[in-house]
2 protein chains.
Amino acid sequence: MVKRSETTARLDDAARAGWLYYVAGRTQDEIASSMGISRQSAQRLVSLAVAERLIKVRLDHPIAACLELANAVRNKYGLRQVDIVPSDPGAGAATVGIAEAAAAEIERWLKKTDPIVLAVGTGRTLKATVDQLPAIECINHRIVSLTGNIAPDGSAAYYNVIFSMADAVKARHFPMPLPVLVTSAEERETLHAQQLVRSTLDMSAQADVTFVGIGELGIDGPLCVDGFLEKGEMMELMDNGAVGEICGWIFDSEGKLLDNPINERVASAPIPSRETSVVIGIGKGKRKMKAIKAAVTGHQINGLITDEEVAEYLLT
Amino acid sequence: MVKRSETTARLDDAARAGWLYYVAGRTQDEIASSMGISRQSAQRLVSLAVAERLIKVRLDHPIAACLELANAVRNKYGLRQVDIVPSDPGAGAATVGIAEAAAAEIERWLKKTDPIVLAVGTGRTLKATVDQLPAIECINHRIVSLTGNIAPDGSAAYYNVIFSMADAVKARHFPMPLPVLVTSAEERETLHAQQLVRSTLDMSAQADVTFVGIGELGIDGPLCVDGFLEKGEMMELMDNGAVGEICGWIFDSEGKLLDNPINERVASAPIPSRETSVVIGIGKGKRKMKAIKAAVTGHQINGLITDEEVAEYLLT
DNA sequence: CCCACCATTGAGTAATTGCCCATGAGCAAA
DNA sequence: TTTGCTCATGGGCAATTACTCAATGGTGGG
């Protein structure tokens, strides 16, 4: 018989032990006695087999790809949490899939027993998300809106996310009685100084978890469509490098908030700390790709719920 | 929104939990908190993923001892291909190990780009094998059954291997709409002359590769247990020197097909040519040793997947 | 030949997992 | 509505596995 090197022989043993453990399903005790070694040595061989990647495990299920992508995205951008849902190739609404996933995530937070502060932004995606929420009683938690609920024309805003949410979730909720955009930085100061607004802003800063939509810019983007910005203003913003917005805060392709007149007029609360809390962005679709990439690059968010298509783009 | 069934959603969760556990290496506690469920539920999901065969484990290492045995067996009996898996000393099911190995071999064939015809027999071993197959799309290939799918009592046969296989593998598949045993040689002629049967038989004769179980005889053997033969018939067969069967074709210890009334009533397709195609027998265990030795001796098969124990017996 | 060094071992122990059981929610039939 | 059934749930506990550490033994340099 050919003399084999010591390490090769050891790997053979590891392979045998790993086979007996994972494929044949024996316990390490049984393996030890059948191979004539101690239980601890059997354990070492099994872990060696794993460490040397002799044992290949694979998941035979459609969501396997999503989980792989989620892991890769989380590592690449240093995010706390990533959920990837399967892409629906057949077009469909821009919120199919992620709304359900985001609702499930919100539910997980609301089911905690310790009281939490949950902050929400606004937008179509978030509206679709809260529409997926089941009825829950959670009187210990507080829900606070980051953005104003008054539209440019003075009416209540289109996507009154926080009220829809309160319909389903019985929790104390705190809307932001402000417009989304005010006319000047000074006006914002004045409004934010009001006692009622002040306390809501303070609460939002203490949010344990935040769910926000990620908006793309462009004349078809939400800021224009919903009348917050004129087409001309939008073009100028984009010329200055703006690619996306969260709660109205406009950022460039690096994810840095732009230092421009529009951002000075945003009345929304600042996005809660990504150091001390979880801020989950929700969005999918080709049009939002650039905005999403910027948001995760610049750490405007530290959690993401999106689809396979966007995940793959983020990994290129 | 697409309504998904409850069981589908549960399988999705099971897949996720299984992935986190086996691929990502998280503990069940971590999985539980990240999925918002109790540890016990997480444990249940993980075992569900295993029970539903979503998790596939394979050993990616040539164990030297098995390789040497395989080489020796291949040379001694002039086989084209031999796979030996480690023996599991602690009894265990009769298919542990070889089912995984055979599934991997089938997968290799199905991944070919050129269209192939793959023929399968039936039996417990083959059923366990196809249960290990992952989902594959291979619309270019054809899968044909060598044996009838009608049991003695007229019901569909116990191990509808080809249908289970078609569940996992999306390929055209051709069952054999016949009983396994008919009442006379004349009836067999008549049935085989039917157009539908004829074309399936022709296809099986063109198989590029064939996977068959190797059955032992005896009152505990499959032919008796499954009610194809009476105890008396079996005793008589064994008195005449029969030791094993493949697809119902009964052979003696030399591997020669017996010239007796039973073989005249076997409605299965002939075993495809060992000259021009690969015919792989699958089986292990003490009880099958004689049958396996006979099959390789008489060249009923030209490929073998078995375990160390049988391999050593074959070399004595 | 001796000693320092390092890998390996087995004992002990902490962590993790698997399983049983009581409980209660959900649901169908009466 | 009540009753009875099924099944998922989480607590508790035993089995199993992973890790730490001191002891052992083998090896190479001095």
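The chains referred to below are lettered A, B, ... by the order of the sequence lines, with proteins before strands, and numbering in each begins at 1.
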Base, sugar-phosphate alone, or nothing: which one does A:Ser41 contact when heavy atoms must sit under 4.0 Å apart? sugar-phosphate
What about B:Arg39, does its side chain sit under 3.5 Å from the base of D:dG11 through a donor-acceptor pair? no
Taking atom types as modelled, is there a side-chain donor on B:Gln40 or B:Gln28 under 3.5 Å from an acceptor on the other? no
How many whole angstroms separate atom CD of A:Glu30 from atom P of D:dT17? 9 Å
Gap between atoms OH and C1', on B:Tyr22 and D:dT17 respectively (whole Å): 13 Å
For A:Asp13 and C:dT8, give me the distance from atom CG to atom C1', rounded to whole Å. 14 Å
Using only heavy-atom distances, decide whether a donor-acceptor pair under 3.5 angstrom links the side-chain of A:Gln40 to the base of C:dA11. yes
Protein-nucleotide distance (A:Tyr21, atom OH; D:dA15, atom P), rounded to Å: 16 Å
Can you find a side chain N or O atom of B:Gln43 that sits less than 4.0 Å from OP1 or OP2 on C:dT17? no
Counting distance only, does the side-chain N/O of B:Asp307 pair as donor-acceptor with the main-chain N or O of B:Pro86 below 3.5 Å? no
Applying the salt bridge (charged side-chain N to carboxylate O under 4.0 Å, His left out) criterion to A:Asp60, which one of B:Arg53, B:Lys56, B:Arg58 satisfies it? B:Lys56
Rounded to whole Å, please give me the gap between CD in A:Gln28 and P in C:dT16. 15 Å
Taking atom NZ as the centre, does B:Lys286 end up with more than 12 heavy-atom neighbours from other residues, nucleotides or ligands that are less than 6.0 angstrom away? no
Does B:Arg44 get its side chain close enough to the base of D:dG10, under 3.5 Å, for a donor-acceptor pair? yes
Calculate the interatomic distance between B:Ile37 atom CD1 and D:dG10 atom P; express it in whole Å. 8 Å
Rounded interatomic separation in angstrom, taking CG from A:Leu48 and C1' from D:dT17: 16 Å
